[in-house]
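First the structure, in the form of structure tokens, and then the observations on it.
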Amino acid sequence: MADLRDVLLVDGYNMIGAWPSLAKLSQISMQEARDNLLGSLADYQAFTGRRVIAVFDAYRVPGLGKAFNQSKVQVYFTKEKETADECIERLVGELSLRSRKIYVATSDFIEQHVIFARGALRLSARELLIEVENCQKAIQTRIQHEHAPKTRNTLDSKLKPELREIFEKWRRE
């Protein structure tokens, strides 16, 4: 059975350069910045249900042309002499179906004009950051709500004291 979920294609190094926390971290360790990005995308994928594919230019990493899954996020390192934009364009061609939407998160709007002309939807780096942060807040809220002490949800606890007294009198009669 074909996977008909919406797909989010992410230009990894564009996001690392555009997200302030990752840009600062990349000055110290590019590997840590990639891992943090992939961790955030994994949380986003788990929360939204979208299929997430992160594409990195392999010129910064040994082992060209690798593809693997990391926490349900598909990670592609481009082939030799292939840019992330070209890889994303190729993936959009492979993934295109009428029944699914393809979102592309990149800051290279000009480079991706072909895929946007084919119907892919653009997410800027800032828009994706906001979506990821909102998902992380929602996840934290859900976790806190699940760990909150359970109180007995009774009709009695929702009534005003005056009404409670009236009902208590009726109950005794």
Side-chain angles (χ1 to χ4, degrees), residues 1-26 30-58 60-61 63-79 82-147:
M1 185 165 168
D3 184 0
L4 300 177
R5 292 179 295 167
D6 291 348
V7 178
L8 171 65
L9 291 162
V10 179
D11 188 331
Y13 289 127
N14 276 189
M15 296 309 112
I16 289 172
W19 294 6
S21 61
L22 295 179
K24 187 183 291 185
L25 185 58
S26 71
M30 184 58 77
Q31 182 62 44
E32 261 189 76
R34 271 193 305 269
D35 289 343
N36 282 3
L37 174 64
L38 292 174
S40 296
L41 292 175
D43 290 344
Y44 176 81
Q45 186 280 327
F47 189 78
T48 63
R50 281 185 182 157
R51 182 176 168 195
V52 178
I53 301 171
V55 179
F56 295 95
D57 286 317
R60 294 190 186 190
V61 186
L64 303 170
K66 287 196 302 189
F68 58 92
N69 287 343
Q70 182 172 327
S71 301
K72 293 192 176 184
V73 174
Q74 292 176 281
V75 181
Y76 284 83
F77 286 100
T78 61
K79 299 173 186 172
E82 181 182 43
T83 66
D85 297 319
E86 292 168 339
C87 182
I88 290 171
E89 189 173 327
R90 179 174 48 81
L91 289 171
V92 166
E94 293 171 6
L95 296 169
S96 290
L97 289 175
R98 284 187 182 170
S99 56
R100 103 170 94 208
K101 292 180 184 171
I102 298 176
Y103 298 87
V104 177
T106 181
S107 56
D108 294 337
F109 179 74
I110 301 299
E111 298 290 325
Q112 296 294 354
H113 69 280
V114 173
I115 61 170
F116 297 130
R118 289 184 186 166
L121 303 169
R122 180 175 186 261
L123 273 177
S124 69
R126 179 76 180 138
E127 290 170 324
L128 181 59
L129 177 60
I130 290 169
E131 279 193 27
V132 166
E133 287 174 344
N134 288 340
C135 286
Q136 289 172 340
K137 287 176 188 173
I139 290 168
Q140 287 303 316
T141 301
R142 189 175 288 173
I143 290 169
Q144 289 170 356
H145 179 69
E146 287 175 1
H147 292 348

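All heavy atoms count here, side chains included; hydrogens, waters and symmetry mates do not.
Gln74 has its side chain within reach of Asn69: a pair of non-hydrogen atoms, C-beta onward, lies under 4.5 Å apart. The shortest side-chain heavy-atom distance between Phe56 and Leu38 falls under the 4.5 Å cut-off. Residues Gln45 and Leu8 are not in side-chain contact: their nearest non-hydrogen atoms beyond the backbone lie 4.5 Å or more apart. Using a 4.5 Å heavy-atom threshold, the side chains of Arg34 and Val75 count as separate. Here the side chains of Leu128 and Trp19 are in contact, with some heavy-atom distance below 4.5 Å. Between Val55 and Asp11 the shortest side-chain heavy-atom distance does not fall below 4.5 Å. With contacts defined as side-chain heavy-atom distances shorter than 4.5 Å, the pair Val10/Val73 does not qualify. Side-chain atoms of Leu129 and Pro20, non-hydrogen and from C-beta on, do get closer than 4.5 Å to each other.
Heavy atoms only, all atoms of each residue included: Ala125 and Ala18 are closest at CB-CB, 3.4 Å. Looking at every heavy atom in both residues, Cys87 comes nearest to Thr78 through CB-CG2, 3.7 Å.
A donor-acceptor pair is defined here as one N or O able to donate and one able to accept, closer than 3.5 Å; such a pair exists between the side chain of Asp57 and the backbone of Ala84.
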With a cut-off of 3.5 Å and sequence neighbours excluded, list every side-chain donor-acceptor pair involving residues 131-138.
{"residue": "Glu131", "atom": "OE1", "partner": "Tyr44", "partner atom": "OH", "Å": "2.6"}
{"residue": "Asn134", "atom": "ND2", "partner": "Ile130", "partner atom": "O", "Å": "3.4"}
{"residue": "Gln136", "atom": "NE2", "partner": "Ser40", "partner atom": "OG", "Å": "3.4"}

**Message:** Working note: Gln31 + Asp35, criterion side chain to side chain donor-acceptor pair (under 3.5 Å); need CA distance, chi angles, decisive distance, verdict.
**Reply:** CA-CA 6 Å; Gln31 182 62 44; Asp35 289 343; 3.0 Å; yes

**Request:** Test side-chain contact (heavy atoms from CB on, under 4.5 Å) on Met15 and Leu41 and set out the steps.
**Result:** CA-CA 11 Å; Met15 296 309 112; Leu41 292 175; over 6 Å; no

